[in-house]
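Structure, as structure tokens:
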Amino acid sequence: LNLSALFERLLVIQFLISLILFPKLWYNASFQLTFGCLFGIIYIPRILELLINRLPYSTKSHYVKILYNYFAVSLGACLGTIPTTWICFSEINFTGILTNWFAVPIVSIGIMPIETLQMFLLFPPISPWTSQIAHSLGIISSAVCTVFYNILTTYMSIIPSLRYFD
């Protein structure tokens, strides 16, 4: 039993336990979006990989695989949530696929390490200067988030046509 199969089984068990304990979760959009996203992240990249491996010119380059994994996971997350967003909100927002390709690296590389370091410096406070460093890191991550938010809102106002309304 590999790690991927174990994760899939745990996800199914969590899904079933949640529904057994709280049957009304079936009608909760956030519950559906969460498990739809996870389903898409797990299965869509596998399906795409099977399709790509059938192509005669598919490459086995390490860098191409890294890029493929990055784009396939974002695409899987967006495609996994499409049924719920269409049913619950009567729209499909295709800009999410493009936005994820920009947001994930900024959050993963820029914001998460800063916030993790800030968390370790604040708990427990080792000395007074660690609190000052943590405060400065908070200001930096807040500035990065503000710039990123402004870029995304500008992007969303420029490309509203990628939305489909029922």
Side-chain angles (χ1 to χ4, degrees), residues 2-61 63-116 141-166:
N2 62 13
L3 190 60
S4 178
L6 178 65
F7 179 72
E8 290 173 25
R9 289 181 182 175
L10 288 174
L11 186 64
V12 169
I13 290 169
Q14 175 62 43
F15 179 80
L16 294 174
I17 288 173
S18 296
L19 286 178
I20 289 169
L21 294 176
F22 307 102
K24 290 184 180 182
L25 279 177
W26 182 259
Y27 303 105
N28 187 318
S30 63
F31 178 79
Q32 294 172 9
L33 287 169
T34 299
F35 281 96
C37 181
L38 290 171
F39 175 81
I41 288 172
I42 291 171
Y43 292 107
I44 300 291
R46 290 183 188 174
I47 294 167
L48 290 174
E49 189 170 4
L50 289 174
L51 294 174
I52 288 173
N53 286 339
R54 289 185 179 184
L55 297 174
Y57 53 84
S58 66
T59 180
K60 305 293 184 202
S61 168
Y63 298 109
V64 171
K65 285 184 180 182
I66 290 173
L67 282 174
Y68 160 77
N69 286 332
Y70 171 66
F71 290 117
V73 167
S74 293
L75 183 65
C78 291
L79 291 178
T81 58
I82 283 177
T84 303
T85 56
W86 192 347
I87 291 168
C88 293
F89 309 114
S90 299
E91 75 175 41
I92 299 173
N93 190 348
F94 294 105
T95 55
I97 296 169
L98 299 173
T99 304
N100 269 351
W101 292 341
F102 297 109
V104 169
I106 290 172
V107 170
S108 300
I109 296 169
I111 297 171
M112 287 302 293
I114 292 172
E115 292 301 320
T116 304
S141 66
S142 177
V144 169
C145 288
T146 303
V147 168
F148 184 60
Y149 173 78
N150 290 336
I151 290 170
L152 284 179
T153 51
T154 303
Y155 164 75
M156 292 298 285
S157 67
I158 292 172
I159 310 180
S161 62
L162 291 175
R163 268 190 153 153
Y164 171 76
F165 293 97
D166 190 19

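Quick note: residue numbers are just sequence positions, from 1.
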Inset, instruction - Of all the heavy-atom pairs spanning Pro23 and Ile20, show the shortest one and how long it is. - result: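 Closest approach of Pro23 to Ile20, heavy atoms only: CD-O, 4.0 Å.
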Inset, instruction - For Cys88 and Ala29, work out which heavy atoms get closest and say how close. - result: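 Looking at all heavy atoms of both residues, the closest pair is SG-CB, 3.9 Å.
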Inset, instruction - Would you mind reporting whether Leu50 and Ile47 have side-chain heavy atoms less than 4.5 Å apart? - result: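 They are not in contact (no side-chain heavy atoms under 4.5 Å apart), so the answer is no.
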Legend entry - Any Leu11 side-chain heavy atom under 4.5 Å of Phe15 side chain: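 Leu11 vs Phe15: side chains apart.
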Measure the spacing between [atom1] of [X] and [atom2] of [Y] and express it to the nearest 0.5 Å.
X     : Y     : atom1 : atom2 : answer
Ile82 : Ile92 : CD1   : CD1   : 5.5 Å
Phe35 : Thr81 : CZ    : OG1   : 14.5 Å
Ser74 : Ile44 : OG    : CD1   : 12.5 Å
Leu48 : Leu75 : CG    : CG    : 6.0 Å
Ile41 : Cys78 : CD1   : SG    : 9.0 Å

Legend entry - Sequence-distant partners of Tyr43, ring pair (Phe, Tyr, Trp, His ring centres under 6.0 Å), two or more places apart: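 Per chain and number, Tyr43 pairs via ring pair (Phe, Tyr, Trp, His ring centres under 6.0 Å) with Phe39.
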Inset, instruction - Just jot down the salt bridge (Lys or Arg N to Asp or Glu O under 4.0 Å) partners of Glu8, sequence neighbours excluded, or say none. - result: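 Result, salt bridge (Lys or Arg N to Asp or Glu O under 4.0 Å) vs Glu8: Arg46.
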Inset, instruction - Evaluate the criterion side-chain contact (heavy atoms from CB on, under 4.5 Å) for residue pair Ile42 and Phe7; output intermediate values, then yes/no. - result: CA-CA 9 Å; Ile42 291 171; Phe7 179 72; 3.4 Å; yes
Inset, instruction - Can you run down the salt bridge (Lys or Arg N to Asp or Glu O under 4.0 Å) pairs that involve residues 10-19, sequence neighbours left out, and say none if there aren't any? - result: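 Those involving residues 10-19 do not exist here.
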